[in-house]
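Computed from heavy atoms alone, side chains included, the values below leave out hydrogens, waters and symmetry copies.
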Amino acid sequence: MKLKERLAHERLILDGGFGSMLTAAGLPTGTPTEQWNIQNPGAVEAVSFAYFQAGSQIVCANTFGANPLKYDACTLENIVRSALCSAQNARRRAGFDAQTHYVALDVGPLGRLLSPFGDLAFEDAVNAFSAVVRLGVRYGADLVFIETMNDCLETKAAVLAAKENCNLPVFAANVYDERGRLMTGASVEAMVAMLEGLRVDALGMNCSLGPKQMLALLPEFLRVSSTPIIVKPNAGIPEILGEETVYTVSGEEFAAALYEAAEEGAGLLGGCCGTTPDFIQKTVLALRSVPYTPPSPKAVTCVSSYTNALTIGNAPVLIGERINPTGKPKLKEALRTGNVGYILREGVAEAECGVHALDINAGLPDIDEPAMLVHLVQELQAVCALPLQLDSTNPKALDAAMRAYSGKPLVNSVNGKQAVMDAVFPLIQKYGGVVVALAIDEDGIPDSARGRADIIQKIVREAAKYGIHRKDILADPLTLTVSADPENAARTLEAVRIIRNELSICTTLGVSNISFGLPARDQINAAFFTMALERGLGAAIMN
């Protein structure tokens, strides 16, 4: 049976610590573990064999530290080839094949921080990971296991590299502290939002924590994840005794904790630093009687920044609109002259006013919009932790900005025109995001609320062809000014009600459009906003 099919209904057992096993076998202090793939392949094969014998159904090849920032192309290829060969030989020796037991290409962090926290460019990271993934495919890996990642953006770079260079299942596990945060700040909910948007096949946590600490974080994964959850703890929190690193959790204690994790709903269980085949064997025995219930689908409309998640549909969400050049001469000038400081100050000011997300638009005809939108994404994410709404009618600009974005963005927008859906939906499918759907198509904006809802329904049907769920669609039935037609407000409000209550899709509006050309705009906007909230409005772009 294919691995992806098994994940849907079966709990799987991972391996345990690798480096500590090689150290026990005589790996010299200071020698990178992956170098033994070439220098002592027999020892590497023995570790893999021991894990298969102990009951691991997925064993990682010894490639965790192998990447082109450390090794030249020839050496890197030899390291990856030898590692996969050793693991595959071990599988055969244990009497298994690739239909029941799997060898993973193990992808670890590159050892350098990505910009803006470090000096490594995002695309350089993608290229580095891509080189490793291509070698993994060439030498027969069954899946790509990205693990021990402590930065949201580096995790995304690794996942994109895997997705763009193979069709294998992709797992991603991150390093969390006891507060449930990565080193660069991402929460569990933010990481789940991004990784599910990128369509990984399993996600979760490994390393850094012992089993009890991971048990404390597991309920948050179960609350927000629709994807099988990885729990791969250390044998406790490491302690330094003299010059030796010691892990104090026994195999029995470890297995008892993973039994609890299995009962709660974890789908892939194994060990990390300090664990051995004995830990895995005890875990396998402990879990024999525990049934597995896969995570339930979570129909939540959620976006994220590099640190925080934002759910739409519970409380009103305000999207700031200052970084949009329409009607803003100073912003237009800043975009033309590259005065990013002015734009950042506008974004920070909006955040200080209490908005929940920032709309950013660089759509001027006389600038390089894709380059500018990417630049704004990177600079804003360096100074502001709010999720961003990437606002453009240019598919190339959206592609570039979504790729560079650290998290799961709002994307503004798609509409019912077939050509627009054909351009935008592949981007949502690839990068993840919540897309704003405008109630307009080739025939324009319908005069009735029901007609606008029908266009949204058409967009939802088309999105489903790309595997995009309605939870990742934020419908905008469009606000037209009442100065042109007094009935516009009533039509829009009724469309909000139908879309939210009958189609179960979250809604957004450009609220201030209602009052164009009228006096007392603030009062009109406030009244319209209040009535829209009463009908189920989830988010609003407004000053």
Which pair of non-hydrogen atoms, one from [X] and one from [Y], has the smallest distance, and what is that distance?
X	Y	result
N361	P325	O-CD, 3.3 Å
C152	L182	N-CD1, 3.8 Å
P316	H356	O-CE1, 3.4 Å
L69	N67	N-OD1, 2.8 Å
L7	L268	CD2-CD2, 3.9 Å
D151	E154	OD2-N, 3.1 Å

CA sep, side-chain torsions, deciding dist, call: S304, L310, side-chain contact (heavy atoms from CB on, under 4.5 Å): CA-CA 6 Å; S304 66; L310 173 65; over 6 Å; no

Stepwise side chain to side chain donor-acceptor pair (under 3.5 Å) test for T326 and N324: CA-CA 6 Å; T326 303; N324 186 319; 3.1 Å; yes

For [X] and [Y], test the side chains for any donor-to-acceptor distance below 3.5 angstrom and give the result as yes or no.
X	Y	result
T337	N339	no
T492	R452	yes
T155	N174	yes
S115	Q378	no

Close side-chain approach of [X] and [Y], heavy atoms under 4.5 Å:
X	Y	answer
L509	V496	yes
S130	N165	yes
V107	V144	yes
L358	Q389	no
L160	L198	yes
L143	F171	yes

Say whether, by atom type as modelled, one donor and one acceptor occur between the side chain of [X] and the main chain of [Y] under 3.5 angstrom.
X	Y	result
R491	D447	yes
D124	L120	no
K163	A161	no
K70	G65	yes
S483	L518	no
K298	L222	yes

F122-Y405 aromatic ring centre distance below 6.0 Å: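 Judged by ring-centre distance (under 6.0 Å), F122 and Y405 do not meet the cut-off.
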
Could you pull out all donor-acceptor pairs under 3.5 Å where a side-chain atom in residues 431-443 meets a protein atom, sequence neighbours excluded?
unit_1	atom_1	unit_2	atom_2	d
Y431	OH	D399	OD1	2.8
Y431	OH	R403	NH1	3.4
D441	OD1	D443	N	2.9
D441	OD2	K458	NZ	3.3
E442	OE2	Q418	N	2.9

Measure the [atom1]-[atom2] distance between [X] and [Y] for me, rounded to the nearest 0.5 Å.
X	Y	atom1	atom2	result
Q381	Y306	CD	OH	7.5 Å
L380	H375	CG	NE2	10.0 Å
L503	C506	CG	SG	11.5 Å
N415	M421	CG	CE	7.5 Å
N206	N234	CG	CG	8.0 Å
T479	M542	OG1	CE	10.5 Å

Full working for ring-ring contact (aromatic ring centres under 6.0 Å, His included) between Y176 and F221: CA-CA 12 Å; Y176 294 88; F221 278 95; 5.6 Å; yes

Neighbour count above 12 (heavy atom, 6.0 Å) for K330 NZ: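 Counting neighbours around NZ of K330, 12 or fewer heavy atoms of other residues, nucleotides or ligands fall under 6.0 Å, so no.
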
By side-chain contact (heavy atoms from CB on, under 4.5 Å), which residues pair with [X], not counting sequence neighbours?
X	value
T307	R181, S305, A385
T311	E189, V300, C302, N314
R450	S448, D454, I498, E502

State which residues pass side chain to side chain donor-acceptor pair (under 3.5 Å) with [X]; sequence neighbours excluded, sorted by chain then number.
X	value
T301	none
T508	none
N501	none
K471	none

F425 and Y466 aromatic ring geometry - parallel, tilted or perpendicular at 30°/60° bounds: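 Y466 and F425: tilted rings.
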
Worked verdict on N412 versus L390 for side-chain contact (heavy atoms from CB on, under 4.5 Å): CA-CA 6 Å; N412 191 10; L390 310 178; over 6 Å; no

Salt bridge present between K430 and E164 (N-O < 4.0 angstrom):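 Answer for the salt bridge query: yes.
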
Short N-O contact, R497 and E494, less than 4.0 angstrom: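 A salt bridge links R497 with E494.
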
Derivation and outcome, side-chain contact (heavy atoms from CB on, under 4.5 Å), residues L331 and I343: CA-CA 7 Å; L331 183 59; I343 298 169; 3.6 Å; yes

Results of salt bridge (charged side-chain N to carboxylate O under 4.0 Å, His left out) for R336 - residues two or more places apart only: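 Partners of R336 under the salt bridge (charged side-chain N to carboxylate O under 4.0 Å, His left out) test: D366.
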
side-chain contact (heavy atoms from CB on, under 4.5 Å) assessment of L386 paired with V355: CA-CA 9 Å; L386 295 181; V355 301; 3.9 Å; yes

N/O donor to acceptor pairs below 3.5 angstrom from side-chain atoms of residues 522-530, sequence neighbours left out:
unit_1	atom_1	unit_2	atom_2	d
N525	OD1	S515	OG	2.7
N525	ND2	R521	O	3.3
T530	OG1	A526	O	2.8

Any pair counted as salt bridge (Lys or Arg N to Asp or Glu O under 4.0 Å), so long as it reaches residues 338-362, sequence neighbours left out: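 Passing the test, one end in residues 338-362: no pairs.
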
Residue pairs passing the salt bridge (Lys or Arg N to Asp or Glu O under 4.0 Å) test where at least one lies in residues 212-222, sequence neighbours excluded: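 Residue pairs with at least one partner in residues 212-222: E220-R223.
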
